[in-house]
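Would you mind keeping the following structure in view while I ask a few things?
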Amino acid sequence: MPGYRPSMAAPTDLAFDPWDPAFVADPYPAYAELRERGRVHFFEPTNQWLVPHHADVSALLRDRRLGRTYLHRFTHEEFGRTPPPPEHEPFHTLNDHGMLDLEPPDHTRIRRLVSKAFTPRTVQRLAPYVRGLARDLVAALVEAGGGDLLKDVAEPLPVAVIAEMLGIPESDRAPLRPWSADICGMYELNPPREAAARAVRASVEFSDYLRELIAERRENPGDDLISGLIAAHDEDDDRLTEQEMISTCVLLLNAGHEATVNSTVNGWWALFRHPDQLAALRADHSLVPSAVEELMRYDTPLQLFERWVLDEIEIDGQVIPRGAEIAMLFGSANHDPAVFADPSRLDLTRADNPHISFSAGLHYCIGAPLARLELAASMRALLERAPTLRPAGEPRRRPNFVIRGLEGLAVEV
């Protein structure tokens, strides 16, 4: 993609290689090298500036000179960027109307309206359902003597919870996870053509389904989130457009379960590899809240988050001009020894844990309380009902870098 290129001689020997299976398997040593070598590095294959330190990432997430989009201020051409291919338009229409990829004033308006329907009370009301579903899924796993923790517990729990919130009938839920997985494939660095085609197809199918469901809820509203989004309005009677509702529902599903699914399997695989920590957790279930936070820090489900430079910034003497793209390395920031004592050590009792796995600032994850509820519920259910849970082999890691997870996690009881 054409755009800004630095005049400085960029290092060509960075250990950062998001397409190398060895790096994807364990990126944390390469992150340590990046942090040691400086605060910002230009990575030519993706035309991005990599930012590996916690302090910089945390500050940039709150810096209004950066944005998730630039289209509220510039055209593609004014920003020195090539518009996306026309065949990708269904994906971008869906993605670009969600609040994650918007900036004020649209982001402010949509988040305020969504917040009216997505309240702490809504999440709290779901708590008995979440805990009951977690217990049922784990009970089935135990009765079978084991299985795939990913497919049997980690995936069905958050997908069912978000579907329940949205009011999607159980008979319609089977395509949700495949649609989400295909759409999220577009968030990888330089996605291949086949992945882009799958993302476009899923965007069309998911949007068409939601358009029909929204029309039905307009006629027959219920107490679900879609009905709440239809009814939500502010003092000026400003309401979400149909496209904004569709994009919001897809965002809530994708963001609302990808992080939870991957945190669950990444976390349990980390526990299996640290038997002392797993033993401590089994002996004291009151560690569950701090364990959830530490496991999200230790093996971060979202490794990289991007921002466009809307107005020139400077990092450690390096001027980064308008039109450049910043890649904030969440996984590296969560292992920064300047913030976390002995960061490569898994410590479920870690008290001071300002990880940024839920982002920060304007785009802090609106579903963070729900994700914490789901992660704690599945962990407690597994600790209580499967106290002898153990791995049944070495799992395969997904080849993706940005969204970090496993292909599956075979377990025995």
Side-chain angles (χ1 to χ4, degrees), residues 3-18 23 27-70 100-101 103-104 107 187 189 259 293-294 296-344 350 352-365 368 401-404:
Y4 167 75
R5 297 280 177 180
S7 58
M8 61 171 282
T12 57
D13 60 340
L14 291 178
F16 182 85
D17 185 352
F23 171 85
Y28 298 103
Y31 290 156
E33 180 185 325
L34 284 179
R35 291 191 302 270
E36 289 169 5
R37 291 179 61 171
R39 289 171 54 194
V40 62
H41 308 276
F42 185 73
F43 186 60
E44 190 166 1
T46 58
N47 195 22
Q48 293 173 318
W49 290 94
L50 307 178
V51 178
H53 288 264
H54 187 283
D56 290 323
V57 170
S58 183
L60 291 173
L61 286 170
R62 297 169 170 84
D63 195 322
R64 302 308 307 134
R65 294 173 297 175
L66 305 184
R68 281 290 292 171
T69 183
Y70 51 78
L100 182 63
D101 280 81
E103 292 298 310
H107 175 275
Y187 302 136
L189 298 174
E293 303 301 320
E294 174 67 351
M296 290 195 74
R297 179 203 72 83
Y298 184 77
D299 205 5
T300 310
L302 180 65
Q303 291 281 309
L304 177 151
F305 204 54
E306 298 159 326
R307 287 282 200 279
W308 296 106
V309 180
L310 306 176
D311 296 298
E312 179 183 288
I313 64 171
E314 183 178 323
I315 302 175
D316 198 27
Q318 173 63 52
V319 174
I320 303 179
R322 186 184 82 188
E325 190 174 27
I326 300 286
M328 292 171 283
L329 299 177
F330 282 16
S332 176
N334 283 343
H335 278 245
D336 190 340
V339 176
F340 304 97
D342 198 1
S344 61
R350 192 180 295 273
D352 186 16
N353 194 349
H355 69 76
I356 51 173
S357 299
F358 288 121
S359 191
L362 191 72
H363 290 285
Y364 181 78
C365 178
F401 160 64
V402 174
I403 299 176
R404 180 170 173 78

**OP:** Taking the six-membered ring for Trp and the full ring for Phe, Tyr or His, determine whether the centres of His355 and Phe340 are under 6.0 Å apart.
**Re:**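 No: the rings miss the under 6.0 Å criterion.
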Original post:
Mind checking whether Ile320 and Phe42 have side chains closer than 4.5 Å, heavy atoms only?
Top reply: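 No, too far: nothing below the 4.5 Å cut-off.
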**OP:** Say whether, by atom type as modelled, one donor and one acceptor occur between the side chain of Ser332 and the main chain of Leu329 under 3.5 angstrom.
**Re:**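 Side chain of Ser332 to backbone of Leu329, a donor-acceptor pair under 3.5 Å: no, none is there.
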Original post:
Should the pair Phe401 and Phe23 be assigned to parallel (<30°), tilted (30 to 60°) or perpendicular (>60°) ring geometry?
Top reply: tilted
Original post:
Do the rings of His335 and Tyr298 sit parallel, tilted or perpendicular, given the 30° and 60° boundaries?
Top reply: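 Tilted, since the angle between the ring planes falls between 30° and 60°.
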Subject >> Side-chain heavy atoms of Ile326 within contact of Ile313, under 4.5 Å >> reply: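 Yes, at least one pair of side-chain atoms sits under 4.5 Å.
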**OP:** With the side chain counted from C-beta on, respond yes when Leu66 and Val309 share a heavy-atom pair under 4.5 Å apart, and no when they do not.
**Re:**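 They are in side-chain contact.
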Original post:
Looking only at atom types and distance, does a side-chain atom of Arg350 sit under 3.5 Å from a main-chain N or O of Ala341, one as donor and one as acceptor?
Top reply: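 Side chain of Arg350 to backbone of Ala341, a donor-acceptor pair under 3.5 Å: yes, one is there.
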Original post:
Leu61 versus Met328: any side-chain heavy-atom pair under 4.5 Å?
Top reply: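 Counting from C-beta outward, Leu61 and Met328 do come under 4.5 Å.
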Original post:
What residues, two or more places apart in sequence or in another chain, satisfy side chain to side chain contact (heavy atoms under 4.5 Å, CB included) together with Pro104?
Top reply: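 Partners of Pro104 under the side chain to side chain contact (heavy atoms under 4.5 Å, CB included) test: Arg64, His107, Thr108, Leu362.
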**OP:** Take His363 and Glu103, measure what side-chain hydrogen bond (donor to acceptor under 3.5 Å, both in side chains) needs, and give me the verdict at the end.
**Re:** CA-CA 9 Å; His363 290 285; Glu103 292 298 310; 3.0 Å; yes
Subject >> Residues which pass ring pair (Phe, Tyr, Trp, His ring centres under 6.0 Å) with Tyr70, listed by chain and number, not counting sequence neighbours >> reply: His76, Phe79, Trp308
**OP:** Would you mind reporting whether Pro337 and Arg35 have side-chain heavy atoms less than 4.5 Å apart?
**Re:** yes
Original post:
With the threshold set at 4.0 Å, does a side-chain nitrogen-carboxylate oxygen contact exist between Glu293 and Arg297?
Top reply: no
**OP:** Taking side chain to side chain contact (heavy atoms under 4.5 Å, CB included) as the test, write out the residues that go with Asp101, two or more places apart.
**Re:**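 Counting only residues at least two positions away or on another chain, Asp101 forms a side chain to side chain contact (heavy atoms under 4.5 Å, CB included) with Arg68, Asn95.
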Original post:
So do Met296 and Phe358 actually touch side chain to side chain, heavy atoms under 4.5 Å?
Top reply: yes
Subject >> Flag side-chain contact, heavy atom, 4.5 Å: Ile315 against Leu60 >> reply: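 The answer is yes; the side chains approach within 4.5 Å.
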Subject >> Heavy-atom donor-acceptor pair, Asp336 side chain to His54 backbone, under 3.5 Å >> reply: yes
Original post:
Relative to each other, are the rings of Tyr28 and Tyr31 parallel, tilted or perpendicular (30° and 60° limits)?
Top reply: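 Tyr28 vs Tyr31 ring planes: perpendicular.
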Subject >> Identified side chain to side chain contact (heavy atoms under 4.5 Å, CB included) partner of Trp49 from the options Gln318, His41, Glu325, Arg307 >> reply: Gln318
Original post:
Can you find a heavy atom in the side chain of Pro301 that is under 4.5 Å from one in the side chain of Ile403?
Top reply: no
